[in-house]
Amino acid sequence: MLTVTSLRKAVPGGRVLFQDLNLTVRNGQFVAITGESGVGKSTLLNLLAGLDRADAGSVVIDGTALELLQDDELTRLRRDRIGFVFQAFHVLPHLDLAHNVALPLVLQKVDAHEALARATGMLEAIGLGGRGADYPRQLSGGELQRIAIARALIHRPGLILADEPTGNLDPETAAKVMALFVDQVREAGASVVLVTHSPASAAVADRVLHLTRDGLVEHG
Ligand SMILES: Nc1ncnc2c1ncn2[C@@H]1O[C@H](COP(=O)(O)OP(=O)(O)OP(=O)(O)O)[C@@H](O)[C@H]1O
Ligand SMILES: [Mg+2]
């Protein structure tokens, strides 16, 4: 369960992106967040992931308040409980695909053989079986996006944060990647906060929220 209470964040220049922002995401719930460019969606996801700190308010993940944690504790919580699909992939160019996907397990000190075996299984699940020894530069945008999704899910985190994971793809590939994403997170029973501009992507969510200058507004 994710609970956000009275969250406030201003950009370094001083402009307030949001204040008194509240959000609850139950276990296994899939929430989509839409909103115009620059309104603060990526900033909000970074706060939920503990990659950035709020000016005020609280983010609680499964009973743990992020604002009370030291940086090293935050890193551990992120590593163990959160999967993040970034707006710009963040796939590591010098690691082959199997090692990219296995990375969260390696950081958790899972045995290297087991980590690579699970990564190989995950590559098959996302339609990239047999390509574990390839490098990111050999992949298309849609394939890279699937690698980013596989890496966010492989350690079975309870909370998946995804920032426009199909933003750079043609509509057909985007639909395929999103279907794969939904299958994987439903199978894992994870909670999801998905930022997206795409109505088709938002349609798969249990709830759709719109981020405006007045905070999060529920749709429908
Ligand atoms: N380090 C920074 N210094 C100053 N302003 C920043 C900084 N980081 C973000 N901003 C500003 O904060 C605002 C929110 O940025 P954010 O990336 O959260 O928007 P977004 O809703 O994700 O937009 P998009 O849909 O284009 O990805 C933007 O106006 C951006 O210029
Ligand atoms: Mg963004």
Side-chain angles (χ1 to χ4, degrees), residues 2-25 29-61 66-67 71 74-75 78 82-92 136 141-142 144-153 157 159-171 173-175 177-178 181-182 185 190-220:
L2 166 71
T3 313
V4 178
T5 316
S6 301
L7 206 64
R8 181 186 193 282
K9 183 69 180 175
V11 295
R15 181 168 52 96
V16 176
L17 292 178
F18 39 80
Q19 52 193 342
D20 195 27
L21 183 140
N22 298 286
L23 171 67
T24 299
V25 182
Q29 194 173 44
F30 193 128
V31 173
I33 295 182
T34 61
E36 67 185 47
S37 180
V39 77
K41 304 179 299 297
S42 296
T43 304
L44 175 59
L45 274 198
N46 286 337
L47 292 172
L48 301 185
L51 289 165
D52 189 7
R53 291 196 184 261
D55 305 325
S58 179
V59 176
V60 179
I61 296 176
L66 301 194
E67 63 278 6
D71 285 349
L74 213 45
T75 302
R78 199 160 50 231
I82 298 178
F84 206 127
V85 187
F86 290 92
Q87 196 166 13
F89 308 147
H90 284 232
V91 170
L92 301 175
L144 275 178
Q145 200 51 272
R146 282 184 270 159
I147 293 292
I149 289 168
R151 193 184 48 188
L153 295 169
L159 177 63
I160 316 277
L161 304 172
D163 197 349
E164 197 69 69
T166 57
N168 305 313
L169 307 178
D170 64 87
T173 308
V177 169
M178 189 49 61
F181 178 71
V182 173
V185 298
S191 305
V192 178
V193 180
L194 165 76
V195 166
T196 182
H197 287 289
S198 149
S201 296
V204 304
D206 300 316
R207 286 163 69 200
V208 181
L209 302 168
H210 197 60
L211 184 59
T212 70
R213 253 153 274 165
D214 300 319
L216 281 172
V217 182
E218 193 109 20
H219 264 227

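Both counts, for ligands and for their atoms, begin at 1 and track the order of listing.
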Separation between CG of Leu74 and CZ of Arg53, rounded to the nearest 0.5 Å:
5.0 Å

Identify the heavy atoms of Leu92 and Arg151 that sit nearest to each other, and give their distance.
N-NH1, 4.2 Å

Atom of Val31, atom of Leu209 and distance for their closest heavy-atom approach
CG1-CD1, 3.7 Å

Using a cut-off of strictly less than 2.8 Å, determine whether Thr43 has an N/O/S atom near the Mg ion (ligand 2).
no

Atom indices of ligand 1, in the order listed, that fall short of 4.0 Å to a heavy atom of Arg15:
13 (C), 28 (C), 29 (O)

Run the contact test for Gly40 against ligand 1 with a 4.0 Å cut-off on heavy atoms, strictly below, and give the result.
yes

Which heavy atom of Arg207 sits nearest to which heavy atom of Thr24, and what is that distance?
NH1-O, 2.7 Å

Whether Glu164 lies under 4.0 Å from ligand 1, heavy atom:
no

Where's the contact between Val11 and ligand 1, heavy-atom distance under 4.0 Å: side chain, backbone, both or neither?
side chain

Of the non-hydrogen atoms in Ser42 and Asp163, which two are nearest, and what is the gap between them?
OG-OD2, 2.6 Å

Any sub-3.5 Å donor-acceptor pair from Asp52's side-chain atoms to Leu47's backbone N or O?
no

Ignoring hydrogens, just give me the one of Pro12, Ser42, Ala10, Gly13 whose non-hydrogen atom is nearest atom 2 (C) of ligand 1.
Pro12

Below a 4.0 angstrom heavy-atom separation, can you tell me which part of Leu17, side chain or backbone, both or neither, approaches ligand 1?
side chain

Could you please spell out the steps behind the side chain to side chain donor-acceptor pair (under 3.5 Å) verdict for Ser6 and Asp20?
CA-CA 4 Å; Ser6 301; Asp20 195 27; 3.3 Å; yes

Ligand 1 contacted by Gly35 (non-hydrogen, < 4.0 Å):
no

With the threshold set at 4.0 Å, does a side-chain nitrogen-carboxylate oxygen contact exist between Arg78 and Asp71?
no

Hey, looking at atom 18 (O) of ligand 1, which of Thr43, Leu45, Asn46 has the closest heavy atom?
Thr43

Best match, Ser37, Gly14, Gly167: closest heavy atom to atom 24 (P) of ligand 1:
Ser37

Which atoms of ligand 1 sit under 4.0 Å from any heavy atom of His197?
25 (O)

